[in-house]
Amino acid sequence: MRRFAVPFALAFTAALAACASGPQRPASVSQAPAPQGPPRLIVAISVDQFSADLYAQYRPRFAAGLARLAGGAVFPSGFQAHAATETCPGHSTLLTGTRPARNGIIANNWYDLSVSRAEKKVYCAEDESDPASTPRDPVVSAVHLKVPTLGEMMKAANPATRNVAVSAKDRAVMMMGGHTIDAAYWYNKGAFVTLKGRALAPAAVAQNADLAALLRKGAPAFAAPAWCGASDSAVSVGKGQLGTGRFAMEPNKPDALRISPRMDAATVDLANRLVDELNLGQGAAPDVLSVSLSATDYVGHATGTEGLEMCIQMAELDKTIGRLLDHLDARGIDYAVVLSADHGGLDMPERQREQALPRAIRADMNLAPQALGKAITARTGISAGEGPLVYSDGVFGDYYISRSVTPAHKAEAVKALVALTRGHPQVAAVFTAEDLAKTPLPTGNPQDWSLKDRARASFDPARSGDVVVLLDRAVTPIPEAIPGMYVATHGSAFDYDRRVPMLFWRRGMRGFEQPAPVETIDIAPTLAALLGLRVPEGTFDGRCLDLDAGNGNTCENLR
Ligand SMILES: [Zn+2]
């Protein structure tokens, strides 16, 4: 068999019919010749909270963009292998090829008790050295990301590369784009906004005009596909009911727009406009377009994963991704796609309990930092005076002991905190920073890692808590369900939150399915090899995945 010297120089005409079998594949795709040489545009799609479970559940239903991507290289068990399965850490792995333990993005929020401002909580994508920044209203920045992204590496190799990132979420944009972004847009209260000190591009101005018109008018409910019927069933949650929503939107409700398939549609519309305005994929060097679609996550948080709401979201997501790919086709761009997710997710416990998972529960408020601080004081007499003794961004994860106590008291408080949390029936494991610092970085198959390995992959000695608490399986860390607020979430160290699909696609490619576990840190080295990008040894924690289904090897270009 001949070997292919150039990645993806795949004249697989014989295989075209086989891989061109998506139900609604546009004729132009299957008739176009297979491209030669490195792609001109990398399209990196993140579907926020798109678990491997959701992908498996809806895969037979996909007929548009997601059906096309299923004709490429499909890795149904991609791992966000670390313990803190949140949006910022998850997005930080996708295009850097590094784990949070190395890139520094250990969580969405952490505490830095040394910062001079009164608020000690630090948001992953803020620059807290700017006095205007707060975790809730951040001055958006990638300053906390310790490594470069693929787009930055491409720009370093050839400054003509454009690095563009869009999402509803600022943290997704910054973690996929990194420090040197040519265009960066996210959604804030009804409009797309950009980095401080930058003007909106005409594409964003036009998109915001469309958004404003939509918000003024409102929008009717979505029609549900017939195959959503089984999920169309109400479940009681707190004082209300969920499970039958169809996203009818009253006028002037930017949050209703955000928590609906319309958010992804607007994000892709903006991406398409930027493709046109910047002529992405048609410049002097390969470009990167990162598109993080947040609506799956917002819908999952607001309504859980197994109701009519998510079923409609999945159907619309498929169409929306199809529109993005069709737009690139229409412009004749030679692009390669990767699609993955920042983390998985879990349905709300109220529906889980009705559907054969009786152990599903909500976390106990006694795991909140205020309650644990009081319990430590009661046990040891140690107090931080005016301020809190324990800091934490919720009822699990990183816990920090106040700096206002003596080192001896801090050690005693850590001991008490460990004893209190280890003894709690909802807790699976507790580690001290001291434990984790001594633990080697995990290697090998991520599905076999211990809980300590998973916590180690999320550990940064300067940013992590003094104590790290991992909740047990199916404990939802939202103590009270209030409809209209978040009712379901992710963030655990278990595989329902760690496993995500990883799909690679390029026109003319011969598809294959590889069910063995891979990691999201493998995406960047895989794309770097496709591009023929030379990077220093040791740049990535992940490995290159050979996307040639035959004897060729798309990784041979990676040094
Ligand atoms: Zn997320």
Side-chain angles (χ1 to χ4, degrees), residues 44-55 78-96 99-100 103 105-110 123-126 135 138 140 142 144-145 149 165-177 186-188 255 258-261 263-264 267 290-305 309-310 313-314 317 320-321 338-348 393-394 396-397 457-458 476-478 485-502 519-521 523:
I45 304 171
S46 167
V47 177
D48 206 306
Q49 204 185 125
F50 195 30
S51 64
D53 296 327
L54 267 186
Y55 181 62
F79 274 77
Q80 291 279 6
H82 50 270
T85 50
E86 296 184 336
T87 295
C88 218
H91 280 95
S92 81
T93 71
L94 292 175
L95 292 183
T96 69
R99 304 187 192 292
N103 68 41
I105 306 301
I106 59 158
N108 282 351
N109 297 292
W110 58 84
Y123 174 58
C124 62
E126 73 163 319
V140 172
H144 294 303
L145 183 65
T149 61
V166 295
S167 176
K169 297 188 183 181
D170 53 17
R171 56 187 176 275
V173 167
M174 300 318 292
M175 296 304 137
M176 291 185 87
W186 59 90
Y187 184 78
N188 189 11
D255 252 21
R258 183 174 59 83
I259 307 172
S260 84
M263 188 69 249
D264 289 345
T267 306
S290 297
V291 181
S292 178
L293 301 173
S294 312
T296 302
D297 184 67
Y298 291 137
V299 170
H301 281 306
T303 70
T305 61
E309 300 92 343
M310 185 59 83
Q313 166 59 21
M314 289 291 105
L317 172 74
T320 298
I321 291 171
V338 60
L339 181 143
S340 191
D342 54 342
H343 50 74
L346 185 69
D347 199 13
M348 61 172 121
D393 189 33
F396 74 113
S458 281
T476 292
I478 301 171
M485 310 277 280
Y486 284 181
V487 298
T489 195
H490 48 83
S492 84
F494 296 103
D495 287 0
Y496 50 80
D497 285 338
R498 293 169 82 221
R499 276 180 67 236
V500 295
M502 276 166 52
E519 296 192 52
T520 53
I521 54 171
I523 291 171

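All ligand and atom numbering here is 1-based and tracks the order in the structure.
- Among the backbone and side-chain atoms of Asp297, none of the N, O or S atoms lies under 2.8 Å from the Zn ion (ligand 1).
- Gln49 places no side-chain N or O within donor-acceptor distance of the main-chain N or O of Tyr298, the cut-off being under 3.5 Å.
- Of all N, O or S atoms in Asp48, the one lying closest to the Zn ion (ligand 1) is OD1.
- Asp342 contributes atom OD2 as its closest N/O/S atom to the Zn ion (ligand 1).
- Checking Gln49 against the Zn ion (ligand 1), every N/O/S atom stays at or beyond the 2.8 Å cut-off.
- The backbone N or O of Ser492 sits less than 3.5 Å from a side-chain atom of Thr85, completing a donor-acceptor pair.
- Looking only at atom types and distance, the side chain of Ser294 has no donor-acceptor partner in the side chain of Asp48 under 3.5 Å away.
- Between the Zn ion (ligand 1) and Glu86 there is no N/O/S contact shorter than 2.8 Å.
- Residue contacts to the Zn ion (ligand 1): His343 brings an N, O or S atom closer than 2.8 Å.
- Asn103 places no side-chain N or O within 3.5 Å of a backbone atom of Leu145 that could act as its donor or acceptor partner.
- Under the 3.5 Å distance criterion, with hydrogens and angles disregarded, no donor-acceptor pair is assigned to the side chains of Thr520 and Ser340.
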